[in-house]
Amino acid sequence: MKNVVKPNTPLVNHIYTADPSAHVFEGKIYIYPSHDLDHDGPSNDNGDQYAMEDYHVLSMNDFNSECVDHGEVLHAKDIPWVKKQLWAPDAAFKNNTYYLFFPAKDKDDIFRIGVATSSSPAGPFTPQANYIQGSFSIDPAVFVDDDNKAYLYAGGLWGGQLEKWQTGSFNLNADDPDKGGPALGPVIAELSEDMTSFKEAPKEISIIDENGNPILAGDEDKRFFEGAWVHKYNDNYYLSYSTGTTHYIVYAMSKNPYGPFVYKGRILEPVEGWTTHHSIVEFEEKWYLFYHDCSLSGGVDHKRSVKYSELKYNDDGTIQTIDPTK
Ligand code: FUB
């Protein structure tokens, strides 16, 4: 009998998965998650508990089918520049090639973003010898626009090291920005045609309120923490992200992929576990939110499971908030 995946239940139970980036490729839903390890190592604000070493690809024919694990598609030991921590990945299709974008710590313990390629959405993926020059921090999300331009969004505070780049170079001792000043935004860089390098230096994205004022660093219900995702609906760009310390997935809208993005509201209320991370995808004229929580592991923060829920828009393009407990 088919093991149909129901909404708000783990896509798979045999491994822990997190940070799902969902895409429709070749008519199916492909999910590119992190692969959480079952270990008893240290746990701290630096994210040492997220000690992932490899990636698996998952897929579903549709939302009335089982979820297939295509197995290990890339391992840290096969990526020359990587020391540790394969965190939240994303995938994109261009040039007849599938690209897997992933953050990891380099040999100097600095998070960078790498690329690996495949002829199939299910992998396996072959890594480039080095990370993308000029890349830093975590959680790459690649958006290929209608004009075929591809943009990489990235960034994450604390363990993700974004605040350590405020001066333009890496400063291990840098603090969060002042709570009364503008919050740090994620960064954007257009990718070159070959998808393995930046066409421009990463720029910070500004997230503002309805009056045009920047969201402040102390406004933890709204400020960017990590896990950026960009999608387009009715000619609007939607930037959604995790607020980290307050555990929401929220979103902001713009007419331009570079922003500024105007804060709009919440997409997902807090889930079980500290982290929350999502993606948004359209399939057969309906929209879906992929997210993770820690329910399968009984609340262990670094043992998460990927789930999905239908996402609905209001007539004005705003998004209806999803409460995962209902
Ligand atoms: O999975 C490791 C990190 O936890 C991700 O990169 C963050 O977005 C958070 O989910």
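These values consider heavy atoms only, across backbone and side chains, with no hydrogens, waters or symmetry-generated copies.
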*Of all heavy-atom pairs between His277 and Pro20, which one has the smallest distance, and what is that distance?*
O-CD, 3.8 Å

_Are Pro33 and Asp19 packed together at the side-chain level, in the sense that at least one heavy-atom pair is separated by less than 4.5 angstrom?_
no

*With sequence neighbours left out, what residues match His39 under ring-ring contact (aromatic ring centres under 6.0 Å, His included)?*
His302

*Can you check whether Glu210 reaches Tyr263 side chain to side chain, under 4.5 Å on heavy atoms?*
no

*Tell me, please, which residues at least two apart from Asn61 pass side chain to side chain donor-acceptor pair (under 3.5 Å).*
none

*Considering non-hydrogen atoms only, spot the tightest contact between Gly317 and Tyr238 and give its length.*
O-OH, 2.5 Å

*Indicate whether any N or O donor in one side chain lies under 3.5 Å from an N or O acceptor in the other, for Ser65 and Lys28.*
no

*Do the side-chain N and O atoms of Asp194 and Thr196 include a donor-acceptor pair separated by under 3.5 angstrom?*
yes

*Is any side-chain heavy atom of Leu157 closer than 4.5 Å to a side-chain heavy atom of Arg223?*
yes

*Of Tyr237, Trp287, Tyr153, which is the lone residue that meets ring pair (Phe, Tyr, Trp, His ring centres under 6.0 Å) with His231?*
Trp287

*Check salt bridge (charged side-chain N to carboxylate O under 4.0 Å, His left out) between Glu53 and all other residues, then give those that pass, not counting sequence neighbours.*
none

*Indicate whether any N or O donor in one side chain lies under 3.5 Å from an N or O acceptor in the other, for Lys312 and Gln320.*
no

*Determine, using the 4.5 Å side-chain heavy-atom cutoff (strictly less than), whether Val230 and Ile188 are members of one ILVMFWY cluster.*
yes

*asked:* Side chains of Thr17 and His56 only: does a donor on one sit below 3.5 Å from an acceptor on the other?
replied: no

*Does a side-chain heavy-atom distance below 4.5 Å link Ile132 with Leu152?*
yes

*asked:* Using the rule that Ile, Leu, Val, Met, Phe, Trp and Tyr join whenever any side-chain heavy atoms are under 4.5 Å apart, tell me whether Leu58 and Ile29 fall into a single cluster.
replied: yes

*Do the ring centers of Phe225 and Trp274 come within less than 6.0 Å of each other?*
yes

*Is a side-chain donor or acceptor of Lys303 paired with a backbone partner of Asp36 at a separation under 3.5 angstrom?*
no

*Might you point out which heavy atoms bring Gly155 and Asp139 nearest each other, and give the distance in Å?*
O-CB, 4.0 Å

*Where do Ser59 and His70 land on the side-chain hydrogen bond (donor to acceptor under 3.5 Å, both in side chains) test, with the steps shown first?*
CA-CA 8 Å; Ser59 74; His70 296 274; 2.7 Å; yes

_Salt-bridge contact Lys199-Glu193 (side-chain N to carboxylate O under 4.0 Å)_ = no

*Would you check if Ser305 and Tyr16 make a side-chain contact, meaning some heavy-atom pair closer than 4.5 Å?*
yes

*When the aromatic ring centroids of His23 and Tyr30 are compared, is their separation below 6.0 Å?*
no

*Tell me, with the steps shown, if Glu269 and Thr321 meet side-chain contact (heavy atoms from CB on, under 4.5 Å).*
CA-CA 7 Å; Glu269 296 290 358; Thr321 308; 3.7 Å; yes

Under 3.5 Å donor-acceptor pairs involving side-chain atoms of residues 120-131, not counting sequence neighbours:
{"residue": "Ser120", "atom": "OG", "partner": "Ala122", "partner atom": "N", "Å": "3.0"}

Counting only pairs under 3.5 Å, give me each side-chain donor-acceptor contact of residues 76-84, with atom names and distances, residues two or more places apart or in other chains.
{"residue": "Lys83", "atom": "NZ", "partner": "Asp109", "partner atom": "OD1", "Å": "3.2"}
{"residue": "Lys83", "atom": "NZ", "partner": "Asp109", "partner atom": "OD2", "Å": "3.0"}

*With sequence neighbours left out, write down each residue that passes side chain to side chain donor-acceptor pair (under 3.5 Å) with Lys203, or none if nothing qualifies.*
Glu200

*asked:* Classify the ring geometry of Tyr151 against Tyr258: parallel below 30°, tilted from 30° to 60°, perpendicular beyond 60°.
replied: perpendicular

*Residues two or more places apart in sequence or in another chain: which of them pass salt bridge (charged side-chain N to carboxylate O under 4.0 Å, His left out) with Asp45?*
none

*May I ask you to check whether over 12 heavy atoms, not counting those of Asp316, lie within 6.0 Å of atom CG?*
yes

*asked:* Side chains of Asp293 and Pro324, heavy atoms from C-beta outward: is any pair under 4.5 Å?
replied: no

*Indicate the atoms forming the closest heavy-atom contact of Ala174 with Glu163, along with that distance.*
CB-O, 3.5 Å

*Evaluate side-chain contact (heavy atoms from CB on, under 4.5 Å) for Ile138 paired with Glu226, printing each intermediate quantity in order.*
CA-CA 8 Å; Ile138 59 165; Glu226 63 186 2; 3.9 Å; yes

*Are more than 12 heavy atoms from other residues, nucleotides or ligands located less than 6.0 Å from atom CG of Asp40?*
no

*What is the ring orientation for Phe63 with Tyr288, classed by angle as parallel under 30°, tilted 30 to 60°, or perpendicular over 60°?*
parallel

*If two hydrophobic side chains count as joined below 4.5 Å and joins carry through other members, does Val187 share a cluster with Phe143?*
yes

_Where at least one partner belongs to residues 279-291, residue pairs that pass salt bridge (charged side-chain N to carboxylate O under 4.0 Å, His left out), sequence neighbours excluded_ = Lys286-Glu310

*Give the cluster check for Ile31 versus Tyr308: same hydrophobic cluster or not, with ILVMFWY residues linked at side-chain heavy-atom distances below 4.5 Å.*
yes

*Does any pair with a residue in residues 166-221 pass ring pair (Phe, Tyr, Trp, His ring centres under 6.0 Å), and if so which ones, sequence neighbours excluded?*
Trp165-Phe170

*Identify the residue among Asn46, Asn44, Asp176 that makes a side-chain contact (heavy atoms from CB on, under 4.5 Å) with Trp158.*
Asp176

*Gap between atom CG of Leu268 and atom CG of Leu289 - 0.5 Å precision*: 5.5 Å

_Test ring-ring contact (aromatic ring centres under 6.0 Å, His included) applied to Phe224 - qualifying residues, sequence neighbours left out_ = Tyr241

*At what distance, to the nearest 0.5 angstrom, does CD1 of Ile215 lie from CD of Glu220?*
13.0 Å

*Listed partners of Asp145 passing salt bridge (charged side-chain N to carboxylate O under 4.0 Å, His left out), at least two apart*: Lys232

*asked:* Quick one, Phe93 with Val144, criterion side-chain contact (heavy atoms from CB on, under 4.5 Å). Give me CA distance, side-chain angles, the key distance, then yes/no.
replied: CA-CA 8 Å; Phe93 178 68; Val144 183; over 6 Å; no

*Show your reasoning for whether side-chain contact (heavy atoms from CB on, under 4.5 Å) applies to Asp301 and Ser43.*
CA-CA 9 Å; Asp301 277 335; Ser43 179; 5.8 Å; no

*Under a single-linkage definition using a 4.5 Å side-chain heavy-atom cutoff for Ile, Leu, Val, Met, Phe, Trp and Tyr, are Leu86 and Tyr98 assigned to the same hydrophobic cluster?*
yes

*Considering all heavy atoms of both residues, which atom of Ala116 and which atom of Leu74 are nearest to each other, and what is their separation?*
CB-CD2, 4.0 Å

*Is there side-chain contact between Tyr248 and Thr276, with at least one heavy-atom pair below 4.5 Å?*
no

_Minimum heavy-atom separation for Pro260 and Ser254, please, with both atom names._
O-OG, 3.0 Å

_Less than 4.5 Å apart, side chain to side chain, heavy atoms only: is that true for Ser34 and Tyr50?_
no

Run the side-chain donor-acceptor check on residues 5-14: report pairs under 3.5 Å with partners two or more places apart or on a different chain.
{"residue": "Asn8", "atom": "OD1", "partner": "Tyr291", "partner atom": "OH", "Å": "2.6"}
{"residue": "Thr9", "atom": "OG1", "partner": "Lys6", "partner atom": "O", "Å": "2.6"}
{"residue": "His14", "atom": "NE2", "partner": "Asp69", "partner atom": "OD2", "Å": "2.8"}

